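The residues of the chain are indexed from 1 along the displayed sequence. Not measured: the values here are computed from a predicted model. Both ligands and their constituent atoms are indexed starting at 1 by order of listing.
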Amino acid sequence: MGKEETPQIPRRTTRSSSSSNPILESTKPKTLKPLTLKDLVFEESQNSITLDNIFSAFPCRKNQILELIRFLGPLNSPLLPLVVYGGPCTGKTSILLQIFRHLKRPFIYSSCRTCYSPRVLFESILNQLLLHRRFSVNGYSSVKRCEKPLDFVNFVKEAFVGVLDKLKENSEKLMSNEVINGRMMYLIIDNLELVREWDKSSQILHFLFKLYDILNMPEVGLIFISSTSPDTYCLNAGYFEHVPVVFPDYTEDELLQIFFKSQENSKIYSSFLGVVQRPFSRITKRLNELSTAFSPLYKKYCEPLTEVGVVPNEDIKRRLFSHIQPHLGPSLNEIFRVSCQPCLEGEMNAEKTRLKKSTWKLEAHQNDIDCHMSISAKYLLVSAFLASRNPATLDASLFDSTGGSDNRKRKRKNSVTSMEKKETAEQEQLMKGPGTFPLERLLAIFQCITSVAEIDLDEEQVDNNSLIGQTGDGGLMSDVLLQLSSLCNANFISKGPSCPLEGSIRYRSTVSEELALKVARSLKFPLSKYLYRR
Ligand SMILES: Nc1ncnc2c1ncn2[C@@H]1O[C@H](COP(=O)(O)OP(=O)(O)OP(=O)(O)O)[C@@H](O)[C@H]1O
């Protein structure tokens, strides 16, 4: 890992992950040591880690670390089920596992990313609890075959009883307390949001949320980790309330602190961050994506430097900037492509689910919408929605040179009959569903609404243009076109065949009014004022 990268704390290799990889297994000796209670604590717990180590390894997360420690409570205290939630790469998993390493408490960890079905999840939990290793000798089989929640409950209760007895015995032997602390056992289930993808009827989610009541074992602590808020699960209650622990997204300042930490030449790194931080964090605030983008760029940035530890003056900074400048555009495009895709898909999935499950709460999308879709992509989505819903004939009156939406006054000027005709045509168009539009119309609306926007889109463009190399409108347009293509890929805008008369491609917005209003609200853009209603 280069100095400039986000410090990585090695993740604990769980028994489920290490034992399910046949390639790794085949390279291991055939006779593996049987697993013992010690395998239930963080593998590196032998090397103690203090709370201060965790604070300094994870800047800007002191509150969350302390909150988690407080909820976990003193040794052997029961734990109300927790839901640790926050956007991707906000440190939920790493921090929780490091806390367990610090506390040396026994736990099992299964991620719904690697455990991709109820069966795999249940079996992974049972394998760990029953200290069972899947490897070549046992044909990589699990300790139990378990598909149904009911079977799982019976097996898991029995397994927990067995482990808890052993922990009790262990805690009575003072010697072994050095490695394993306490008589509580914790079950951590990570990436809970992914269960929704393989559990369309939410049965498993219901079951998992009820597990605390079903088990009714105060010595078992349950912790769920999710990248969406508990509200998004919207299961009708009926189970013990889970305690939320929020990991908010990092702000730009916090990202700076995290990146800045432990740099050899902080002066150079600081001037590098001054160049890249703002434009990149507009596209994504994910630490891993930024870290991946910054790492090669920083190497490039430092190339012209001949001395180590040089303090850069304005002249050096200018030289370094012009050296790195040609690489910024491609890197920004790359990070946009990488970060936008899952994000837009996430929104699309959330939207699809909403349509299927009308009982889901509105807040279900909140986190998804607030994800790091760039401001201009959001404006583009809103522009496409307007182009699809409003008759083209009204564009001129809705969007004057000031981007104004003072359409009522103008409409009154029309004669009553022509208004009636227009309204009938428009009603017909509404009946047909969202209309199609050419690219020019989309861009015209985009330009109008962004010209009156409250936000500093201009600033964003200026920044980007200056970075992409003073490409002026060309740079901006290529950015918008890139975003349009991402919105099309994510099916927020559908691309039709080219119109036989015009010869150009026509587009159509596919988002619901509710979603469009939500996006508009996040931009503080008064969408309803621009929306034609009869
Ligand atoms: N405050 C921080 N300081 C340093 N590194 C951090 C910080 N927060 C997160 N990281 C690093 O970011 C990476 C991702 O963290 P982690 O997997 O814990 O996030 P997560 O919130 O669990 O993500 P996901 O929801 O995608 O599973 C890790 O390498 C972690 O060390």
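Below 30°, between 30° and 60°, or above 60°: for Y301 and Y298 the angle between ring planes is below 30°, a parallel geometry.
In this structure, a donor-acceptor pair under 3.5 Å is absent between the side chains of N127 and S124.
Geometrically, K285 does not engage Y250 in a cation-pi contact, judged by NZ or CZ lying under 6.0 Å from the ring centre and within 45° of the ring axis.
Here K166 pairs with nothing under the salt bridge (charged side-chain N to carboxylate O under 4.0 Å, His left out) rule; sequence neighbours left out. The salt bridge (charged side-chain N to carboxylate O under 4.0 Å, His left out) search around E254 returns none, not counting sequence neighbours.
By the criterion of a heavy-atom distance under 4.0 Å, both the backbone and the side chain of T93 are placed next to ligand 1. Contacts between A57 and ligand 1, counted as non-hydrogen atom pairs separated by less than 4.0 Å, involve the backbone only. With a 4.0 Å cut-off on non-hydrogen atoms, Y250 touches ligand 1 through its side chain and not its backbone. Counting heavy atoms closer than 4.0 Å to ligand 1, residue N191 contributes side-chain atoms (C-beta onward) but none from N, CA, C or O.
Proximity annotation for atom 26 (O) of ligand 1: of C89, G91, G87, C89 comes nearest, heavy atoms only. Proximity annotation for atom 6 (C) of ligand 1: of L290, L287, D190, I258, L287 comes nearest, heavy atoms only.
In the vicinity of S94, heavy-atom distances shorter than 4.0 Å reach the ligand 1 atoms 15 (O), 16 (P), 17 (O), 18 (O), 28 (C), 30 (C), 31 (O).
Although no hydrogens or angles enter the test, the distance criterion places a donor-acceptor pair under 3.5 Å between the side chain of N76 and the main chain of R183. Within the 3.5 Å criterion, the main-chain N or O of R145 finds no donor-acceptor partner in the side chain of S142.
Remark: ligand 1 and T90 share an N or O pair separated by less than 3.5 Å (distance only, no angle test). Annotation: P59 places an N or O atom under 3.5 Å from an N or O atom of ligand 1; distance criterion only. An N or O contact shorter than 3.5 Å links K92 to ligand 1 by distance.
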